[in-house]
Each structure stands twice: as structure tokens, then as C-alpha cells.
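A, B, ... follow the sequence lines: proteins, then strands. Residue 1 opens every chain.
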Amino acid sequence: AQSVSQHNHHVILSEAASLELGCNYSYGGTVNLFWYVQYPGQHLQLLLKYFSGDPLVKGIKGFEAEFIKSKFSFNLRKPSVQWSDTAEYFCAVNRADKLIFGTGTRLQVFP
Amino acid sequence: EAGVAQSPRYKIIEKRQSVAFWCNPISGHATLYWYQQILGQGPKLLIQFQNNGVVDDSQLPKDRFSAERLKGVDSTLKIQPAKLEDSAVYLCASSPNRNIQYFGAGTRLSVL
């Protein structure tokens, strides 16, 4: 079945550690890709998006993601995490105007 | 600009009762979505409106769920009667261009 997979369900890091969250999708053809973040008690917010062009996209708060078409991947990265990055992160694919979400990755950053 | 407004934030009901959620999208956004997010899962689309017309309701359990957007602005989602498995967060989102979606804070429903 077509899907979006996030293999890391729960990630625990210390401040200043580097972060990489995996996202793989199984849709062929043209896709628009997103990472959303949900801070505790807050609504889903767009972190970054890829529509076309440079496969390395930069988002807010120092996050970036790389689209690798051959691997059907759109991994999220941050070189040095902060305690305030503690949140749940969702990868999503837009297909036919519909967002298909992964199951999410809960990130906990300890000072 | 004001974001997507949803109410109530929390709702606790007993099974077989009815419940309704309200959403006011960002002004000017023609497309409105309702999602269900069960604990531990990503949001799942229930229904999509374009203005006051339904674009996709293939994932909406129509025997108990209904939604409307009569004037093409705000929308209501109703569950009647509720089941235990309906416990979830119900998210509303709107979009100006059917590409980037902006989400509300959601309504957390607990069915006892």
C-alpha cells in the first residue's frame, strides 16, 4: 500500500547533538513533501517543504531536509538541537491535494 | 493574520452520545480539511471541502460522521452516535491553494 514511513518513533538526544529523522514514501511520480512540527500543547506548524528545484531545503529554526528521489526519502536534519526542539515531527506527502502523514517521531531533548 | 480557529478544545462524552466540532478557517482560504489523529498516529484525512462543496469524503465513516460547510466559510463536524474508538484529536486545516495547509489547535475528544 502507498504510505509514508517514519522509522524513528522516539528519539532522545542531549542538547547540541545532531539530529536526523528518517522519512520514506512509496508514491511514484511527482510528490510535494513536507515536515510539520507539533510542540507540546500547540498546533501543527509547517517546518519546511519541497516542491521542486534544489533537493536540499532549509526551514525554520535551523532545520533542513534533503529530497533523494532514488531513495524515496526526505530526511530531516539539524546539526545541533536545543531543548526547545522537543516536539513531535511529522513527515507528509501531498498527493492529489491530500496530505498523507507518517506516524510521527517524538523528539525529546535533554539539557 | 488570524489562524485556524477550532472549538471546543476538549470534549468528554459517553458512548452513543452526539458531539459537534466547529472550525473557522483562515480568511480567504477556499479549501478546508478535517483530520482525525488517534494517539500515536499521524493525522488521517476525513473530509475535504472546496468552498461549500465536498471534494473528498472517501475516508469519512458516513454512518456516524457528517460534516458541512454551508456558506463556504466555517464548518462543523458531527459524530452521532459516538463510539469508544472515536477518541482522538480532530484537526481542522485550511489552504489557499490546496498545497500548503494551516492547522488549528484541534479538539481532543474522549469517549467514555
Review point. Mind checking which of residues 61-94 of chain B sit less than 4.5 Å from chain A, heavy atom to heavy atom?
Key: B/Leu91
Revision key, fill the gap. Value for CD (A/Gln45) from OH (B/Tyr102), rounded to nearest 0.5 Å, stands at 12.0 Å
Check your understanding: What part of A/Leu46 lies closer than 4.5 angstrom to a heavy atom of chain B: side chain, backbone, both or neither?
Key -> side chain
Check your understanding: Do A/Ile100 and B/Leu32 sit in the same hydrophobic cluster, where Ile, Leu, Val, Met, Phe, Trp and Tyr count as joined when their side-chain heavy atoms come under 4.5 Å apart?
Key -> no
Review point. Rounded to the nearest 0.5 Å, how far does CZ of A/Phe90 lie from CZ of B/Phe103?
Key: 9.5 Å
Point to revise | Proximity of residues 104-112 of chain B to chain A, residues having a non-hydrogen atom under 4.5 angstrom | key: B/Gly104, B/Ala105
Only distances under 3.5 Å count here; give the side-chain donor-acceptor pairs of residues 102-111 of chain A to other protein atoms, sequence neighbours excluded, each with its distance to 0.1 Å.
from, atom 1, to, atom 2, distance (Å)
A/Thr105, OG1, A/Gln6, NE2, 3.3
A/Thr105, OG1, A/Asn8, O, 2.3
A/Arg106, NH2, A/Glu88, OE1, 3.4
A/Gln108, OE1, A/His10, NE2, 2.7

Practice item. Look at the side-chain heavy atoms of Ile, Leu, Val, Met, Phe, Trp and Tyr, link any pair under 4.5 Å apart, and say whether A/Leu44 and B/Trp34 land in one connected group. Key: no
Practice item. Under 4.5 Å, counting heavy-atom pairs only, tell me which of B/Val4, B/Thr31, B/Asn97, B/Ile100 racks up the most with chain A. Key: B/Ile100
Point to revise | In one Ile/Leu/Val/Met/Phe/Trp/Tyr side-chain cluster, 4.5 Å: B/Trp22, B/Ile26 | key: no
Point to revise | Cluster check A/Phe34, A/Leu56: I/L/V/M/F/W/Y, side chain < 4.5 angstrom | key: no
Review point. In terms of hydrophobic clustering (I, L, V, M, F, W, Y; side-chain heavy atoms under 4.5 Å; direct or indirect links), are A/Tyr39 and A/Trp35 co-clustered?
Key: yes
Review point. Could you name the residues of residues 35-59 of chain B that have a heavy atom within less than 4.5 Å of a heavy atom in chain A?
Key: B/Tyr35, B/Gln37, B/Gly40, B/Gln41, B/Gly42, B/Pro43, B/Leu45, B/Gln48, B/Asp56
Review point. Is the NZ atom of A/Lys98 crowded by more than 12 outside heavy atoms at less than 6.0 Å?
Key: yes
